[in-house]
Amino acid sequence: MVRAVAVYDAQPFEVPLAEFVLELGGRGVQCVYPRVVKGSRELVFHAVGDDWTKGPFGIREPSSRSPVRAIGDIDVFIVPGVAFTRDGRRLGRGGGYYDATLAKRGPHAQTIGVVFDCNVVAELPTEPHDVRVDFLCTELLVKATGARR
């Protein structure tokens, strides 16, 4: 049973999740949003209502006063990206925050990369610390990537 899903507040170039978040909330699933913690490469996820702030990269994020959900207690991570490959490799925005955070997720947590189909590419450069997503979701497909650890 899914109790908590990590989502993101979409930038103009990212897949919007507002309707998805409303649907999940209607089913009793808690949606939590990432916040960058200064001096750390990891994200902290918060339940949030109207308590938003502007993060260090100019992205809207939850206030540090919002309730925290432990990484190990999140069942599904919806992961944004600039581009993805069909086998789950991801090009983010260069900070490594999602890679560092996902490396510490619970053993049963699933990861879903969400991107517009035009941003699915054949190849991406990768590094040893890069974390592949388990599933890829676009407006045209939902696909298991074979990346399950």
Side-chain angles (χ1 to χ4, degrees), residues 1-37 41-63 66-69 71 73-106 108-127 129-149:
M1 179 175 154
V2 174
R3 297 172 315 266
V5 175
V7 294
Y8 58 87
D9 188 48
Q11 300 299 296
F13 57 88
E14 294 172 330
V15 175
L17 298 180
E19 288 183 36
F20 178 68
V21 168
L22 287 173
E23 178 69 26
L24 288 176
R27 295 175 184 232
V29 176
Q30 181 184 45
C31 289
V32 293
Y33 291 83
R35 183 177 62 82
V36 173
V37 178
R41 282 287 185 204
E42 294 174 30
L43 300 169
V44 174
F45 288 85
H46 296 261
V48 66
D50 294 328
D51 198 8
W52 293 91
T53 188
K54 190 170 275 195
F57 300 105
I59 298 171
R60 193 172 85 139
E61 62 182 30
S63 161
S66 300
V68 173
R69 185 80 180 218
I71 297 295
D73 292 337
I74 299 173
D75 303 299
V76 178
F77 290 84
I78 306 299
V79 183
V82 174
F84 285 89
T85 61
R86 289 187 183 268
D87 67 350
R89 289 176 284 145
R90 172 182 168 273
L91 176 65
R93 295 181 69 187
Y97 290 90
Y98 269 94
D99 292 314
T101 302
L102 294 175
K104 295 186 175 187
R105 71 191 183 277
H108 301 292
Q110 299 287 307
T111 56
I112 303 171
V114 178
V115 70
F116 293 110
D117 198 70
C118 62
N119 293 63
V120 177
V121 298
E123 292 292 326
L124 284 172
T126 58
E127 297 183 34
H129 68 273
D130 290 341
V131 176
R132 290 172 47 200
V133 295
D134 302 315
F135 297 91
L136 179 63
C137 180
T138 77
E139 71 275 21
L140 301 178
L141 69 89
V142 175
K143 176 188 182 320
T145 65
R148 191 73 191 142
R149 46 183 164 149

Inset, instruction - Give a yes or no answer on whether the side chain of His46 reaches the backbone of Ser66 with a donor-acceptor pair at less than 3.5 Å. - result: yes

Legend entry - Test item: Thr145 side-chain N/O and Leu136 main-chain N/O as donor-acceptor pair under 3.5 Å: no

Can you see which heavy atom on [X] is nearest to which on [Y], and at what distance?
{"X": "Val82", "Y": "Gly92", "answer": "CG2-O, 3.5 Å"}
{"X": "Leu43", "Y": "Pro34", "answer": "CD1-CB, 3.9 Å"}
{"X": "Tyr8", "Y": "Val15", "answer": "OH-O, 2.8 Å"}
{"X": "Ala10", "Y": "Pro16", "answer": "CB-CA, 3.7 Å"}
{"X": "Arg41", "Y": "Ala100", "answer": "O-CB, 3.4 Å"}
{"X": "Asp130", "Y": "Asp99", "answer": "OD1-OD2, 3.3 Å"}

Legend entry - Residue pair Val32 / Ile74, side-chain heavy-atom distance below 4.5 Å: yes

Legend entry - Check: Val37 and Glu42 side chains under 4.5 Å, non-hydrogen atoms: no

Inset, instruction - With sequence neighbours left out, write down each residue that passes side-chain hydrogen bond (donor to acceptor under 3.5 Å, both in side chains) with Gln30, or none if nothing qualifies. - result: Arg69

Inset, instruction - Please list, chain by chain and in numerical order, all residues satisfying side-chain hydrogen bond (donor to acceptor under 3.5 Å, both in side chains) with Arg132, sequence neighbours excluded. - result: none

Would you mind writing out the side-chain donor-acceptor pairs for residues 49-59 within the sub-3.5 Å range, not counting sequence neighbours?
residue, atom, partner, partner atom, Å
Asp51, OD1, Arg65, NH2, 3.0
Asp51, OD2, Ser63, OG, 3.4
Trp52, NE1, Gly49, O, 3.2

Legend entry - ring pair (Phe, Tyr, Trp, His ring centres under 6.0 Å) partners for Phe77, two or more places apart: Phe45

Legend entry - Of all pairs that satisfy salt bridge (Lys or Arg N to Asp or Glu O under 4.0 Å), the ones with a partner from residues 115-125, not counting sequence neighbours: Arg89-Glu123

Inset, instruction - Mind jotting down which residue pairs meet the salt bridge (Lys or Arg N to Asp or Glu O under 4.0 Å) criterion with at least one end in residues 6-33? Sequence neighbours excluded, please. - result: Asp9-Arg60, Glu23-Arg27

Inset, instruction - Check side chain to side chain contact (heavy atoms under 4.5 Å, CB included) between Ile112 and all other residues, then give those that pass, not counting sequence neighbours. - result: Val76, Ile78, Val114, Phe135, Cys137

Legend entry - Partner residues of Arg3 under the salt bridge (Lys or Arg N to Asp or Glu O under 4.0 Å) criterion, sequence neighbours left out: Asp75

Legend entry - Partners meeting salt bridge (Lys or Arg N to Asp or Glu O under 4.0 Å) with Glu61 (sequence neighbours left out): none

Legend entry - Distance in Å, Phe84 CZ paired with Arg90 CZ, rounded so as to fall on 0.5 Å steps: 5.5 Å

Legend entry - Nearest-0.5 Å distance, CG of residue Leu22 to CG of residue Leu17: 11.0 Å

Legend entry - Test side chain to side chain contact (heavy atoms under 4.5 Å, CB included) applied to Thr111 and Val131, step by step: CA-CA 10 Å; Thr111 56; Val131 176; 5.6 Å; no

Inset, instruction - Could you check Arg86 against Leu141 for side chain to side chain contact (heavy atoms under 4.5 Å, CB included), going step by step and ending with a plain yes or no? - result: CA-CA 10 Å; Arg86 289 187 183 268; Leu141 69 89; 2.9 Å; yes

